[in-house]
Amino acid sequence: MGVRTQSLNKMTLSFLLGIWIFSGVGGFEQSIAQRFPGINSFNNRPAAFQVQRFRPWSDSNGLFQTESARTNDALQTSIALFTHFSSTPLTITSMKGSQPVISEQLGLDIIVAVGLLPWLEVSIAAPATLFQTGDHRLLMKTFLVQFLDINGFAMADLRFGAKFGFTNQREHGVELGLRLEVTAPTGDSQRFNGEDGVSFSAALLLSRSYYGFNFAMNLGYRKMPASTIADLLIEHELFYSFGLSYLLQNKQLMFLVDFLGFRTLNTSLENSFAPEVLLGMRIYPSKQVPLGLSIGGSFSTLTTILRFGHLPTTPYGFPVYRFFLGIVWRSSGQGKDKRENGR
């Protein structure tokens with residue numbers, strides 16, 4: 001009874017905190033608009049959204065993008081650095097065929113997470129586009145709207161997260177959690193690397209490990225400032241990810257497959273539902289050092305070439321192919337419920 005009551009209390013606290021954050025975002029957006037009128041004047045601009053959809057976290061128990069429901073122990077820290085290359089993450093389809101708006105994009109993500117309580121973890125992610133190439137003249141010609149040169153470096157929106165762990169595998173047989181996330185408009189909203197205001201998301205997390213196999217699934221909702229590009233309104237979406245990993249018996253090599261996608265809620269376009277498959281491995285150079293090296297990629301050619309209607313081509317943010325390389329380090333913790341894979 002005590003364990004169930006404790007889990008129920010954590011879920012209630014997380015629910016109330018989520019309501020407080022979600023209700024406060026609207027007021028925060030109004031405050032930002034009043035303090036900085038320029039932001040409000042550019043509302044609903046075609047380029048004011050983040051085209052990059054690869055958004056890793058520092059969860060060493062999760063997959064590439066799918067998180068586990070486990071949190072860091074109190075004062076336990078995890079740090080991750082990912083660099084990734086995407087080919088043609090944004091294209092436009094017209095009578096002349098498909099034309100790339102962004103041809104190449106090289107990104108960087110730095111993520112830090114700290115456990116505050118055995119069941120509560122907070123994190124911050126600082127993404128950036130180190131370099132991207134694109135044709136802003138195509139945009140101006142298509143939409144008859146002034147666009148800046150989209151080539152070069154651009155900062156992206158900061159992401160702040162809180163992760164709650166409700167259950168653990170030893171006592172409940174499965175791990176269940178919740179992630180709340182808020183982004184700040186620090187990115188370049190004129191080069192497809194930021195939004196014109198605050199966005200927020202909430203996702204349910206589920207994970208389970210069994211004899212070296214690790215399963216995780218995330219399902220969530222994201223609310224963003226409205227941005228319209230042709231007949232696609234980007235504002236509300238459901239997103240999902242799930243996958244499986246297997247750690248070899250030497251505990252130094254793990255193979256992973258990760259499925260992710262989204263469903264835009266503001267449009268009836270059939271291809272607003274888009275999947276992507278990430279394949280790769282994670283290498284642990286030493287059994288004594290909690291450091292993992294991740295390498296992988298995706299080839300989403302089929303989902304990229306399926307186009308319905310004319311402008312714009314969707315799904316946005318899922319490239320023809322993607323490669324990524326990452327490092328995840330986690331300090332030692334005091335938790336008793338360690339996974340069978342030891343990581």
Ring centroids only, cut at 6.0 angstrom: are [X] and [Y] within range, meaning strictly under it?
| X | Y | result |
| --- | --- | --- |
| F259 | F242 | yes |
| F54 | F324 | yes |
| F153 | F131 | no |

Inset, instruction - For the pair D59 and K163, find out whether any cationic side-chain nitrogen is under 4.0 Å from an anionic carboxylate oxygen. - result: yes
Legend entry - R179 with E67: basic N within carboxylate O range, under 4.0 Å: yes
Inset, instruction - Check the surroundings of atom CD1 in I295: do more than 12 heavy atoms from other residues, nucleotides or ligands lie under 6.0 Å from it? - result: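 Atom CD1 in I295 is not packed in, count stays at 12 or less.
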May I ask you to check if [X] and [Y] form a cation-pi contact, with NZ or CZ under 6.0 angstrom from the six-membered ring centre and within 45° of the axis?
| X | Y | value |
| --- | --- | --- |
| R70 | W119 | no |
| R222 | F239 | yes |
| R53 | F262 | yes |

Legend entry - Residues L293, Y284; criterion side chain to side chain contact (heavy atoms under 4.5 Å, CB included); working and verdict: CA-CA 6 Å; L293 306 177; Y284 300 97; over 6 Å; no
Legend entry - Flag side-chain contact, heavy atom, 4.5 Å: V174 against Q169: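 Of all side-chain heavy-atom pairs linking Q169 with V174, none is under 4.5 Å.
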Inset, instruction - Report yes if some heavy atom in the side chain of P290 is under 4.5 Å from a heavy atom in the side chain of S332; otherwise report no. - result: no
Inset, instruction - Measure the spacing between CD1 of I102 and CG of L90 and express it to the nearest 0.5 Å. - result: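 Reported value, rounded in 0.5 Å steps: 5.0 Å.
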Legend entry - Within one Ile-Leu-Val-Met-Phe-Trp-Tyr cluster: L205 and V114, side-chain cutoff 4.5 Å: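 No, it is not one cluster - the side chains of L205 and V114 are not joined through contacts under 4.5 Å.
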Inset, instruction - Run the numbers on F192 and F49 for ring pair (Phe, Tyr, Trp, His ring centres under 6.0 Å), then give the verdict. - result: CA-CA 5 Å; F192 301 100; F49 64 93; 5.4 Å; yes
Tell me if a side-chain donor or acceptor on [X] pairs with a main-chain N or O of [Y] at a distance below 3.5 Å.
| X | Y | value |
| --- | --- | --- |
| D73 | Q76 | no |
| D109 | A125 | no |
| S331 | T77 | yes |
| N214 | S245 | no |

Legend entry - Donor-acceptor side-chain pairing of S78 and N72 below 3.5 angstrom: yes
Inset, instruction - Given side chain to side chain contact (heavy atoms under 4.5 Å, CB included), test L120 with T71 step by step and report yes or no. - result: CA-CA 6 Å; L120 174 60; T71 59; over 6 Å; no
Legend entry - side chain to side chain contact (heavy atoms under 4.5 Å, CB included) evaluation trace for F213 with L244: CA-CA 7 Å; F213 287 96; L244 185 70; 4.2 Å; yes
Legend entry - Closest non-hydrogen atom pair, R330 against S60: NH1-OG, 3.3 Å
